Asker: 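Below are the structure tokens for one structure; questions will follow.
In this chain, numbering begins with 1 at the start of the sequence shown. Not measured: the values here are computed from a predicted model.
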Amino acid sequence: MRVPGWSPAALLLAACLWRLPPGRGAAGTEEVIIGEAGESVVLLCRNVSERADEVDWFHGDPGTVPPLFSSNAKLPQDARLSLVDNSSLHILALRPQDEGNYTCKDVLNEIVREHRVQLLVASGPSNVSVSISPAAALPNGTVYVDKRDTVMFSCTGSSHPEPTMAWTFQLPSAAPETFTEVNGSSTVYTLQNLSSRFQGNYSCTARNPLSGRSQTSTKELLVYYPPLSVPRCWAQTAQVGLMLQLFCNWPGGYPHPVLQWTEEGRDLENSSWVVNATGTGDTHVETLSSSRLFHGKVFKCVGSHILKQEEEEPTCTVQIKAPLLVTEPLKTCFVGGTVSLTCQVMESNPSARISWLRNVSQPEVEIQSGGRYLVTQEGSVSNLTIQNCSHNADEGYYVCKAENPVGLKEAYVSLTVKKPVNIVGVVGTVVVLLLLGLLVIAGIILYYNPLLCLQGSIFRNQESNDVFVLVDSDGEEEEEEEEGQKEEATGKSNVHRVTALVNGNSTQAGYGHHFTESDISERHSELSTEEVESEERPATQRQILPFLDEMGGTVGGS
């Protein structure tokens with residue numbers, strides 16, 4: 001049966017209204033019906049007879065309040081009210097003040113029957129709002145916080161009766177997880193020491209306990225943190241072509257920072273001499289043509305991060321420099337030997353490429369490792385090692401070449417290849433010359449002082465039984481000659497005294513005479529006696545006696 005003024009949706013809603021068993025409402029309530037504010041509801045008058053003379057509805061207990069609606073009345077005072085099937089009360093656009101106890105009363109043949117209904121009006125939840133602080137919002141509505149902050153999450157909503165508030169957290173590509181639930185129109189909680197795992201969607205859901213309706217508000221939260229250090233800059237040569245690449249790196253933050261290269265306060269990215277500009281993650285690279293580069297030019301990288309809103313932005317600088325070379329200009333190698341030519345780059349930014357050339361050949365041919373040549377490099381030092389040196393093939397000039405996008409420097413090394421020297425022959429010649437020199441000196445000394453050899457031998461053998469003979473000086477000889485002259489006057493022989501040093505003791509060795517015949521026999525007897533004694537003396541003394549005799553004879557002959 002079609003009810004006038006009712007749409008199918010309204011009838012379906014009325015049929016699906018929640019009903020609680022009798023006894024759960026107010027005293028005498030037979031039925032509880034829940035409606036939602038703004039919606040329609042039908043209160044059924046049960047057990048009513050179709051032949052009832054009159055049906056009256058009261059908002060409260062009969063006898064205490066006037067009838068709300070009566071079947072005998074022409075029109076009710078409230079236009080939202082109407083009867084369905086001449087018995088059920090239809091209320092349009094429910095309001096919270098419509099909530100309460102309703103009584104249906106019908107009269108048949110003066111028999112009165114009543115049916116009590118309790119109407120509960122649920123409203124909301126509505127105006128559910130999520131707030132996160134301290135936080136800032138991106139243009140798309142996503143909020144971000146600093147991981148170092150203590151973050152407060154709050155949720156509010158309106159509902160009748162008070163709703164149940166629940167918080168859920170959902171990671172990307174994961175199911176939502178409820179982590180707190182309270183009864184009330186608002187809820188607050190805080191989080192500390194946030195990390196990237198706390199990034200995701202935070203949802204607050206308010207649910208009306210009567211109607212079961214719910215409303216959810218969601219905020220996407222990002223956890224940011226700034227870089228802890230300052231930007232780091234460096235320069236290097238591009239792998240293809242002689243171009244300068246400027247690198248600026250500022251790691252450790254989320255999201256990635258914004259990096260910008262400048263030159264004398266002007267942005268380089270839009271400059272005509274920028275060949276390419278790329279940025280990946282925490283690094284920004286700009287490739288420059290070398291046409292406008294010069295020694296000492298300074299470039300600056302300026303970094304900015306969404307969490308570092310400082311007056312002075314972090315920066316780093318790069319000063320480019322042409323190469324500065326240091327070499328050993330002269331090197332020598334013996335034929336068949338090995339020599340190393342060294343070239344060191346003392347200053348260069350970016351690092352220079354070092355190469356070796358033979359002479360100044362055109363076109364330039366770079367020396368590569370292989371055969372007798374070995375080119376090695378450690379840091380800024382390059383070595384060219386030549387093995388088995390050859391006079392014809394290796395002697396000459398070598399060029400050490402250092403080049404970077406800022407400039408080119410060349411240094412020359414002169415290599416001389418010599419034949420090896422006969423060391424043994426040289427040493428032998430030197431020894432022979434020294435010996436000849438010593439012999440010449442010794443001959444000169446002996447020529448001018450012949451007694452020096454004898455004196456030297458006596459002094460070397462003082463500890464042995466050698467005899468050292470000392471001859472008186474010229475002064476003593478003159479005195480002896482005067483005494484001899486005096487002795488000649490008296491008929492005696494002229495005597496020259498000889499002193500002998502035997503075993504370190506000074507003794508009178510003998511005298512020289514002009515012998516007379518009377519003295520010859522006496523001299524022979526003395527000599528025979530000395531010969532006997534000489535056999536009992538040491539060998540050294542026996543050797544000196546003939547020498548003394550010879551000296552005495554010589555003196556006597558004079």
Asker: Could you check whether atom NZ of K409 has more than 12 heavy atoms from other residues, nucleotides or ligands sitting under 6.0 Å from it?
Answerer: no

Asker: Return the minimal non-hydrogen interatomic distance between V417 and F334, and the atom names on each side.
Answerer: CG1-C, 4.3 Å

Asker: Quick one: are the ring centres of Y144 and Y224 less than 6.0 Å apart?
Answerer: yes

Asker: So how far is it from L259 CG to L246 CG, rounded to the nearest 0.5 Å?
Answerer: 12.5 Å

Asker: Could you check W261 against V318 for side-chain contact (heavy atoms from CB on, under 4.5 Å), going step by step and ending with a plain yes or no?
Answerer: CA-CA 10 Å; W261 277 105; V318 170; 4.0 Å; yes

Asker: Let me confirm one number: the SG-NE2 distance from C333 to H391, rounded to the nearest 0.5 Å.
Answerer: 11.5 Å

Asker: Give a yes or no on whether K418 atom NZ has more than 12 heavy-atom contacts from other residues, nucleotides or ligands under 6.0 Å away.
Answerer: no

Asker: Can you tell me which residue pairs pass the salt bridge (charged side-chain N to carboxylate O under 4.0 Å, His left out) test with a partner in residues 335-350, sequence neighbours excluded?
Answerer: K321-E347

Asker: So, taking the atom named NZ in K308 and the one named CG in D146, what distance separates them when rounded to the nearest 0.5 Å?
Answerer: 10.0 Å

Asker: Ignoring hydrogens and angles, write down the donor-acceptor pairs under 3.5 Å from the side chains of residues 153-163, residues two or more places apart or on other chains.
Answerer:
residue, atom, partner, partner atom, Å
S158, OG, S126, O, 3.1
S158, OG, S126, OG, 2.8
S159, OG, S123, O, 3.3
S159, OG, P161, O, 2.8
S159, OG, N208, ND2, 3.0

Asker: Indicate the atoms forming the closest heavy-atom contact of C204 with V128, along with that distance.
Answerer: O-CG1, 3.9 Å

Asker: Please identify each residue that fulfils salt bridge (charged side-chain N to carboxylate O under 4.0 Å, His left out) with K147, with sequence neighbours left out.
Answerer: none

Asker: What I'd like to find out is whether the side chain of K219 reaches to under 4.5 Å of the side chain of N201, using heavy atoms alone.
Answerer: no

Asker: Is there side-chain contact between R358 and V365, with at least one heavy-atom pair below 4.5 Å?
Answerer: no

Asker: Applying salt bridge (charged side-chain N to carboxylate O under 4.0 Å, His left out), can you list everything that pairs with E378, at least two apart in sequence or on another chain?
Answerer: none

Asker: What are the two closest heavy atoms between E403 and L408, and how far apart are they?
Answerer: CB-CD1, 3.6 Å

Asker: How would you list, by chain and number, every residue that makes a side-chain hydrogen bond (donor to acceptor under 3.5 Å, both in side chains) with K401, sequence neighbours excluded?
Answerer: E364

Asker: Could you go through residues 189-198 and list every donor-acceptor pair under 3.5 Å that involves a side-chain atom there, pairing it with any protein atom two or more places apart or in another chain?
Answerer:
none

Asker: Taking all heavy atoms of P125 and all of R213, pick out the closest pair and write down the distance.
Answerer: CD-O, 3.3 Å

Asker: Classify the side-chain pair D267/T262 by whether it contains a donor and acceptor separated by less than 3.5 Å.
Answerer: no

Asker: Is any side-chain heavy atom of W273 closer than 4.5 Å to a side-chain heavy atom of L268?
Answerer: yes

Asker: Side-chain atoms of residues 338-346: list all donor-acceptor pairs with protein atoms under 3.5 Å, sequence neighbours left out, distances to 0.1 Å.
Answerer:
residue, atom, partner, partner atom, Å
S340, OG, T385, OG1, 3.2
T342, OG1, N383, OD1, 2.8

Asker: Applying side chain to side chain contact (heavy atoms under 4.5 Å, CB included), can you list everything that pairs with S369, at least two apart in sequence or on another chain?
Answerer: L374, V375

Asker: S348 side chain to P350 main-chain N or O, any donor-acceptor pair under 3.5 Å?
Answerer: yes

Asker: Would you check, one step at a time, whether the test side-chain contact (heavy atoms from CB on, under 4.5 Å) holds for K297 with E263?
Answerer: CA-CA 9 Å; K297 194 174 186 64; E263 182 259 335; 2.8 Å; yes

Asker: Atom SG in C400, atom CH2 in W356: separation rounded to 0.5 Å?
Answerer: 4.5 Å

Asker: Please tell me if the side chains of E269 and V274 come closer than 4.5 Å, counting only heavy atoms from C-beta onward.
Answerer: no

Asker: To the nearest 0.5 Å, what is the distance between CG on L415 and OH on Y397?
Answerer: 11.5 Å

Asker: Could you check V151 against I132 for side-chain contact (heavy atoms from CB on, under 4.5 Å), going step by step and ending with a plain yes or no?
Answerer: CA-CA 7 Å; V151 182; I132 302 175; 3.5 Å; yes

Asker: List for me each residue that meets side chain to side chain contact (heavy atoms under 4.5 Å, CB included) alongside R372, sequence neighbours excluded, and say none if there are none.
Answerer: I386, N388, A393, D394

Asker: Before you tell me yes or no, could you show the steps for I306 and L138 under side-chain contact (heavy atoms from CB on, under 4.5 Å), namely the whole-Å CA-CA distance, both residues' side-chain angles and the distance that decides it to 0.1 Å?
Answerer: CA-CA 11 Å; I306 192 170; L138 298 175; 4.1 Å; yes

Asker: Do S304 and V302 have side chains that get closer than 4.5 Å, going by heavy atoms?
Answerer: no

Asker: Going from OH on Y202 to CD on E220, what distance comes out if it is rounded to the nearest 0.5 angstrom?
Answerer: 11.5 Å

Asker: Can you list the residues that meet the side chain to side chain contact (heavy atoms under 4.5 Å, CB included) rule with C316, with sequence neighbours excluded?
Answerer: P231, C233, C248, C301

Asker: Just wondering, do P405 and M243 contact through their side chains at under 4.5 Å, heavy atoms?
Answerer: no

Asker: What are the two closest non-hydrogen atoms of P257 and D282, and how far apart are they?
Answerer: CD-OD1, 3.4 Å

Asker: More than 12 foreign heavy atoms under 6.0 Å from CG of L228: is that the case here?
Answerer: no

Asker: Between the side chain of Q170 and the main-chain N/O of P172, is any donor-acceptor distance below 3.5 Å?
Answerer: no

Asker: Fit a plane to each ring of W234 and F247, take the angle between them on a 0 to 90° scale, and name the class: parallel (under 30°), tilted (30 to 60°) or perpendicular (over 60°).
Answerer: parallel

Asker: Return the minimal non-hydrogen interatomic distance between I354 and S380, and the atom names on each side.
Answerer: CD1-O, 3.8 Å

Asker: Do H305 and P227 touch side chain to side chain, with heavy atoms closer than 4.5 Å?
Answerer: yes

Asker: Decide if atom CD of E177 counts as having more than 12 heavy atoms of other residues, nucleotides or ligands within a radius under 6.0 Å.
Answerer: no

Asker: Side chains of S351 and T237, heavy atoms from C-beta outward: is any pair under 4.5 Å?
Answerer: no

Asker: Sequence neighbours left out, what passes salt bridge (charged side-chain N to carboxylate O under 4.0 Å, His left out) with E328? Give chain and number order.
Answerer: K331

Asker: Once side chain to side chain contact (heavy atoms under 4.5 Å, CB included) is applied, do any residues pair with S272, and if so which ones, sequence neighbours excluded?
Answerer: R292

